[in-house]
Protein chains: 2
Amino acid sequence: MNIEQAAKQLEALGNPTRLQVYRTLVRAGDSGLPVGSLQEKLGIAASTLSHHLHRLILTGLVTQERQATTLICRANYPAMDSLVGFLVDECCVDAPCAVGEGEAAA
Amino acid sequence: MNIEQAAKQLEALGNPTRLQVYRTLVRAGDSGLPVGSLQEKLGIAASTLSHHLHRLILTGLVTQERQATTLICRANYPAMDSLVGFLVDECCVDAPCAVGEGEAAA
DNA sequence: AGGCTATTTCGACGATCGTTGAAATAGCCT
DNA sequence: AGGCTATTTCAACGATCGTCGAAATAGCCT
């Protein structure tokens, strides 16, 4: 995980609408959610949702799988995991802090 | 931590320059770093840095303390901690994943 | 007070974002 | 083939961003 990639993912999550989309997907778990359901749940224009979804997919945070005419969206857990890892990564290289208590600097 | 706040913080970290600033501060640890040193390290205009720093401070990710004429900047670890917590929070409410293995849903 | 250094504020610029409705496309079903 | 639903692409818009240099301010020191 380089800094450019991390910044792109953070930027992708840094929009309220997109963060909501992402969280909804996270909650939905492995079964995922069709674009249409997502749209209903969030109450935004289909084109807007499609746009945001596209960005989320570009950064690797979300994946899609076709099932007939509907597209199932899923949160990409490992991607988030490694993003969080990056955030905590260099934490406290020479100072104590609450987060990395011995695992980050190991 | 609400979604608006989280989005603001993620957006703040979602700019390569700002993420670099933040990470530099994280590495610097509790002793922090003066604005000037930060500027030298990153090689950007002072006004640009000041602007980014301001955004980071507004979201609560960074704090400043005055020491005579120089301003010491510090990463706010607890803030990052709670942001990461938010990200992992609702993870896998009804599906298994690698990240939250029993702590998030507790 | 006067000067000096550190930092911020101001003003500007092109670039990107976020949103939408309308139109185009994808893929099923009869 | 023809129609139907799901989703994306297009075109557009005002709004915000990221960057900079120049000018203003903050606070110390003599």
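Each chain gets a letter, A, B and so on, in the order its sequence line appears, and its residues count up from 1. Below, all heavy atoms of this structure are taken into account, side chains as well, without hydrogens, waters or symmetry copies. Every value quoted in this text rests on a predicted model; they were computed, and no experiment measured them.
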message: Once side-chain contact (heavy atoms from CB on, under 4.5 Å) is applied, do any residues pair with B:Ile57, and if so which ones, sequence neighbours excluded?
response: B:Val62, B:Gln64
- request: Classify the nucleic acid contact of B:Glu11 as base, sugar-phosphate or nothing, counting any heavy atom under 4.0 Å across all strands shown.
  value: sugar-phosphate
Close side-chain approach of A:Leu58 to A:His54, heavy-atom, < 4.5 Å: yes
- line: Read 5' to 3' with Watson-Crick or G-U pairs under 3.5 Å, [ ] for crossing pairs and | for partners on another strand, DNA chain D gives ||||||||||||||||||||||||||||||
Residues in side chain to side chain donor-acceptor pair (under 3.5 Å) contact with A:Glu65, at least two apart in sequence or another chain: A:Arg74
query: D:dC20, C:dT20, C:dG18: which one has an atom nearest the side-chain heavy atoms of A:Ile44?
result: C:dT20
message: From CG of B:Leu58 over to C1' of D:dC17, roughly how many Å is that when rounded to an integer?
response: 15 Å
message: With a 4.0 Å cutoff (strictly under), does any side-chain N or O of A:Asn15 reach OP1 or OP2 of C:dC17?
response: no
Side-chain atoms of residues 44-52 of chain B: list all donor-acceptor pairs with protein atoms under 3.5 Å, sequence neighbours left out, distances to 0.1 Å.
residue	atom	partner	partner atom	Å
B:His52	ND1	B:Arg18	NH1	3.2

task: Let me know the distance between CZ of B:Arg55 and C1' of D:dT16, rounded to the nearest Å.
output: 9 Å
- request: Flag the pair B:Val26 / B:Tyr77 as yes when at least one side-chain heavy-atom distance between them is below 4.5 Å, and no otherwise.
  value: yes
Measure all distances between protein nitrogen or oxygen atoms and nitrogen or oxygen atoms of nucleotides 6-9 of chain D, and list the pairs falling under 3.5 Å.
residue	atom	partner	partner atom	Å
D:dT7	OP1	A:Val35	N	3.4
D:dT7	OP1	A:Leu71	N	3.0
D:dT7	OP2	A:Gly36	N	2.7
D:dT8	OP1	A:Gln64	NE2	3.4
D:dT8	OP2	A:Ser50	OG	3.1
D:dT8	O5'	A:Ser50	OG	3.3

statement: Judged by nearest nucleotide, the residue sitting upstream toward the 5' end of DNA chain C, B:Gln39 or A:Gly14, is B:Gln39
- prompt: Starting at CG of B:Leu10 and ending at P of D:dC17, how long is that distance when rounded to a whole Å?
  reply: 15 Å
- prompt: Could you state the NZ-C1' distance from B:Lys8 to C:dG18, rounded to the nearest angstrom?
  reply: 15 Å
- request: Please list all pairs passing the side chain to side chain donor-acceptor pair (under 3.5 Å) test where one or both residues lie in residues 32-45 of chain B, with sequence neighbours left out.
  value: none
message: Check this one for me: any side-chain N or O of B:His52 less than 4.0 Å away from OP1 or OP2 of D:dC17?
response: no
- prompt: So, do A:Met80 and A:Tyr22 sit near enough that their side-chain heavy atoms are less than 4.5 Å apart?
  reply: yes
- prompt: With hydrophobic residues grouped by side-chain heavy-atom distances under 4.5 Å, do B:Ile72 and B:Leu56 end up in a single group?
  reply: no
field: Reported NZ-to-CG distance for the pair B:Lys8 and B:Leu61, which is rounded to 0.5 angstrom
entry: 13.0 Å
query: Which whole-number value in Å describes the distance from B:Gln67 CD to D:dG27 C1'?
result: 14 Å
